[in-house]
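Per chain, numbering begins at 1; letters A, B, ... match sequence-line order. What you see is a predicted model, and the numbers here were worked out from it, not measured in a lab.
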Amino acid sequence: MNFRIYDTATREVRDFVPLEEGKAGLYVCGLTVQSEPHVGHVRSGVNFDVLQRWLRALGHEVTFIRNTTDIDDKILAKAAEQGRPWYNLAYDMHRELDRAYAALNVAPPTYEPAATGHVPEMVELIETLISRGHAYAAEDGSGDVYFDVRSFPDYGQLTRQKVEDMEAAADADPRGKRDPRDFALWKGWKSEKEPRTASWPSPWGRGRPGWHIECSAMAGKYLGDAFDIHGGGMDLRFPHHENEQAQSRAAGQGFASYWMHNAWITTAGEKMSKSLGNSLTIPAVLSEYRGIELRYYLVGAHYRSHVEFSFEALDEAATGLRRVESFLERAGVTTEAGTAELADLPADFVAAMNEDLGTSAALAVLHDTVREGNRALADDGTAGVASESAQSSARHVLAMLDVLGLHPHDPAWATGASDVTGRLEGAVDGLVAALLEQRTQARADKDFATADAIRDRIKAAGIEIEDTPAGPRWSLGAPPADTRGK
RNA sequence: GGUGGGUUGGCCGAGAGGCGAGGCAACGGACUGCAAAUCCGUGUACACGGGUUCAAAUCCCGUACCCACCUCCA
């Protein structure tokens with residue numbers, strides 16, 4: 001069975017056929033680094049990370065390019081507001097984003113080009129567009145260069161819109177434009193309003209690139225004239241992706257074969273916006289939840305479905321994940337992250353993933369396998385040793401988790417955890433062990449009042465106790481509900 | 001005005017003509033000193049009104065409500 005993906009351009013699920021057998025070229029629009037990343041931003045990162053991992057699992061050699069936009073109007077405006085250099089803000093937020101990705105086990109791409117590092121490539125592309133009659137320098141002396149929408153008959157093809165129905169682009173003073181829908185490829189430097197550091201030399205004078213041209217230039221540079229998949233968030237379809245495609249194709253390139261767009265995370269029914277409250281920034285959420293829990297929550301919904309974010313739902317997801325983790329612990333099996341192979345995965349799981357990354361259905365297979373394993377474990381009696389059947393289930397579970405970037409022993413989850421965390425765990429383990437010894441003695445003496453009092457005290461400290469055939473086990477309980485997300 | 005998406009059980013969340021995805025919660029049973037964990041069992045959900053069909057959550061027509069994009073956006 002083939003891997004099939006929903007292509008936004010054709011609005012249908014199609015077999016994935018790479019341009020070159022065994023290879024996959026993937027370009028994803030990353031973020032404009034202008035503020036702390038929130039849950040919505042990171043959803044895109046996680047979704048395309050799953051895509052990338054799945055392509056690899058299927059045996060493709062993946063070249064994954066994800067850009068960052070480190071110069072634009074908002075960055076300049078925010079930096080000015082905060083009284084610091086724009087490049088400092090961008091760099092700072094970029095590091096914040098890297099931390100967020102790392103905390104969610106989003107693997108780094110093959111390369112992460114930044115717009116400011118590719119100005120010559122953009123200038124080259126703009127020159128090509130001008131020479132082919134698809135772009136022109138504004139005649140008002142502003143130093144702007146525009147893409148000539150009317151010169152490219154396919155404009156609007158990606159989002160099925162007619163040029164006549166579109167509203168005018170507001171990205172520059174319309175006086176220099178031939179058509180109000182023309183969009184900026186290059187923005188002349190406004191010396192009185194913008195810092196000189198935010199301008200680069202060009203044949204049209206100092207200036208900076210328009211928003212869309214960077215992706216055309218960088219995708220072309222790193223993936224070639226034609227490549228397989230282009231991804232990004234739903235809101236980028238228009239104008240960003242429409243314009244990218246227009247630029248690249250007008251320049252004679254084939255560009256992307258497939259377009260994939262991830263849906264939104266909303267809060268209180270509204271799109272999460274950078275201007276909204278910041279309780280949902282990644283650092284804030286990770287102060288209450290483990291990265292693996294947030295990732296599991298995000299993977300649980302199909303990438304094209306809207307998700308209404310709530311801490312209640314995140315709690316549920318965390319509980320569900322703990323069920324899986326608890327099974328693995330009791331089965332006593334572990335594997336190394338990143339070693340899963342297609343052969344280790346249940347056929348139903350593979351089928352689910354092959355159908356446009358059906359992660360929800362894939363998790364259903366995961367849970368079915370966990371139940372099988374638990375059943376085997378329950379049948380294993382009191383010997384305390386997991387049977388071959390239970391171990392086999394555990395290996396399947398680990399392989400599935402691995403492919404989804406949810407392997408519990410992936411060193412990535414240790415990101416941010418210092419040595420102190422490990423030492424603290426050891427210390428807690430020692431203290432709890434001492435208390436548990438007392439409790440075990442009390443139980444042996446049939447002094448259940450004392451035994452239960454000890455258990456209650458441990459529980460009050462946020463630690464759950466389970467009695468197993470092999471003796472008591474402790475684990476950290478869920479965070480108290482009344483403190484979350486504040 | 002143009003383009004696209006959505007409404008599924010107490011909750012989250014898949015599915016897209018025919019055996020009730022899965023999770024969380026709840027209830028009953030097993031296990032346990034009691035719990036916890038685990039296992040077994042318990043649900044006749046698909047916004048509304050029509051229609052097509054042997055069969056509709058799924059297709060068609062209509063209605064209501066919600067959301068996104070239309071040049072800042074993951």
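Classification of the A:Phe311-A:Phe309 ring pair by plane angle, with boundaries at 30° and 60°, yields perpendicular. Between A:Phe227 and A:His230, the two ring planes are tilted [angle within 30° to 60°].
For the 3.5 Å distance criterion, the side chains of A:Tyr146 and A:Asp148 fail to qualify, holding no donor opposite an acceptor. Between the side chains of A:Ser199 and A:Glu194, not a single donor N or O lies within less than 3.5 Å of an accepting N or O. Between the side chains of A:Glu244 and A:Ser216, no donor N or O sits under 3.5 Å from an acceptor N or O. Side-chain contact annotation: A:Thr468 with A:Glu466, donor-acceptor N/O pair under 3.5 Å absent. No donor-acceptor contact under 3.5 angstrom links the side chains of A:His302 and A:Ser360, judged on distance only. Side-chain contact annotation: A:Asp228 with A:Tyr27, donor-acceptor N/O pair under 3.5 Å absent. A:Ser475 and A:Glu464 are not linked by any side-chain donor-acceptor pair at a separation below 3.5 angstrom, with hydrogens and angles left out of the test.
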Dot-bracket assigned to RNA chain B with the 3.5 Å Watson-Crick/G-U criterion, [ ] for crossing and | for other-strand pairs, is (((((((..(((.....[...))).(((((.......)))))....(((((..]....))))))))))))....
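In this structure, the side chain of A:Asp182 does not engage the main chain of A:Lys177 through any donor-acceptor pair within 3.5 Å.
Atom-to-atom, NZ of A:Lys74 to C1' of B:U71 comes out at 13 Å; the value is rounded to the nearest Å. The nearest whole Å value for the distance from the CZ atom in A:Phe183 to the P atom in B:U71 is 13 Å. Taking atom CD of A:Glu242 as the reference point, atom P of B:U71 lies 13 Å away to the nearest angstrom. Nucleotide B:A37 holds its P atom 17 Å from the CG atom of A:Leu328, rounded to whole Å. Atom pair A:Arg439:CZ and B:G33:P shows a separation of 12 Å (rounding to whole Å applied). The interatomic distance linking A:His367 (NE2) with B:C12 (C1') rounds to 12 Å, in whole Å. B:A68 atom C1' lies 18 Å from atom NE2 of A:His240, rounded to whole Å. At whole-Å resolution of the value, NE2 in A:His302 and C1' in B:A21 are 15 Å apart.
Residue-level contact check: A:Tyr155 touches the bases, meaning some heavy atom is under 4.0 Å from a base atom. Residue contacts shown for A:Ser360 include a base, since a base heavy atom lies under 4.0 Å away. Within 4.0 Å of A:Asn243, counting heavy atoms only, lies at least one base atom of the nucleic acid. Among the atoms of the strands shown, none is found under 4.0 Å from any heavy atom of A:Gly45.
Spacing of P atoms, B:C54 relative to B:U71, comes out at 49 Å, to the nearest Å. B:C12 sits 31 Å from B:G62 when the C1' atoms are compared, rounded to a whole Å. Rounded to whole Å, the P atom of B:C27 lies 13 Å from the corresponding atom of B:A35. The P atoms of B:C39 and B:A14 are separated by 24 Å, rounded to the nearest whole Å. B:A56 and B:C70: their P atoms are spaced 41 Å apart (whole Å). A distance of about 13 Å separates the C1' atoms of B:G13 and B:A45, rounded to the whole Å. Rounded to whole Å, the C1' atom of B:C60 lies 13 Å from the corresponding atom of B:G17. Taking the P atoms as reference points, B:A36 lies 13 Å from B:G29, given to the whole Å.
Set against B:A74, B:C11, B:A14, the side chain of A:Leu236 has B:A74 as its closest nucleotide. Of the candidate nucleotides B:G22, B:A68, B:C70, B:A68 has the atom lying nearest to any side-chain atom of A:Trp264. Among B:A36, B:G13, B:C24, the nucleotide with an atom closest to any side-chain atom of A:Ala301 is B:G13. In the set B:C11, B:A74, B:A14, B:A74 carries the atom at the smallest distance from any side-chain atom of A:Asp235. In this structure, the nucleotide among B:G23, B:G33, B:U71 sitting nearest to the side chain of A:Asp452 is B:G33. Checking B:A14, B:A74, B:G23 against every side-chain atom of A:Ser305, the shortest atom distance belongs to B:A14.
Contact annotation: side chain of A:Arg181 to base of B:C70, donor-acceptor pair absent below 3.5 Å. A:Tyr146 contributes no side-chain N or O that forms a donor-acceptor pair with the base of B:U71 under 3.5 Å.
Separation of atoms CG (A:Asp70) and CG (A:Asn67) is listed at 9.0 Å; rounding is to 0.5 Å. In this structure, OH on A:Tyr289 lies 4.5 Å from CG on A:Leu314, to the nearest 0.5 angstrom. In this structure, CG in A:Asp379 is found 8.0 Å from OG in A:Ser389, a value given to the nearest 0.5 Å. Atom NE2 of residue A:His396 and atom OG1 of residue A:Thr369 lie 7.5 Å apart, to the nearest 0.5 angstrom. Note: A:Phe48 CZ to A:Leu55 CG = 11.0 Å, rounded to the nearest 0.5 Å.
Listed by residue number, A:Arg443, A:Phe448 are the residues of residues 442-451 of chain A with a heavy-atom contact under 4.0 Å to RNA chain B.
For B:A36, neither phosphate oxygen OP1 nor OP2 lies less than 4.0 angstrom from any side-chain nitrogen or oxygen of A:Thr468. Between B:A14 and A:Thr359, no contact under 4.0 Å exists linking OP1 or OP2 to a side-chain N or O.
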Are any protein N/O atoms closer than 3.5 Å to N/O atoms in nucleotides 26-30 of chain B? If there are, list each pair with its distance.
none

Restricting to nitrogen or oxygen on both sides, can you table the protein-nucleotides 2-5 of chain B pairs closer than 3.5 Å?
{"residue": "B:G2", "atom": "O2'", "partner": "A:Asp165", "partner atom": "OD2", "Å": "3.2"}
{"residue": "B:G2", "atom": "N2", "partner": "A:Gln161", "partner atom": "OE1", "Å": "3.4"}
{"residue": "B:U3", "atom": "O2'", "partner": "A:Thr159", "partner atom": "O", "Å": "3.1"}
{"residue": "B:G4", "atom": "OP1", "partner": "A:Arg11", "partner atom": "NH1", "Å": "2.9"}

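For the side chain to side chain donor-acceptor pair (under 3.5 Å) with A:Arg14, the lone residue among A:Asp356, A:Asn2, A:Asp7 that qualifies is A:Asp7. Applying the side-chain contact (heavy atoms from CB on, under 4.5 Å) test between A:Arg295 and each of A:Val46, A:Leu404, A:Val42 identifies A:Val46 as the sole match.
Nearer the 5' end of RNA chain B, as judged by each residue's closest nucleotide, is the contact made by A:Gly358, out of A:Val42 and A:Gly358. Comparing A:Asp368 and A:Arg43, the nucleotide of RNA chain B nearest to each residue sits closer to the 5' end for A:Asp368.
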Determine, for nucleotides 38-43 of chain B in 5'-to-3' order, which nucleotides have protein heavy atoms under 4.0 Å from the base (write B), from only the sugar-phosphate (write S), or from neither (write -). SSS---
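Cation-pi geometry between A:Arg443 and A:Phe448 is not met: the NZ or CZ atom fails to fall both under 6.0 Å from the ring centre and inside 45° of the normal.
Take A:Gln157 and apply the side-chain hydrogen bond (donor to acceptor under 3.5 Å, both in side chains) test, not counting sequence neighbours, and it matches no residue.
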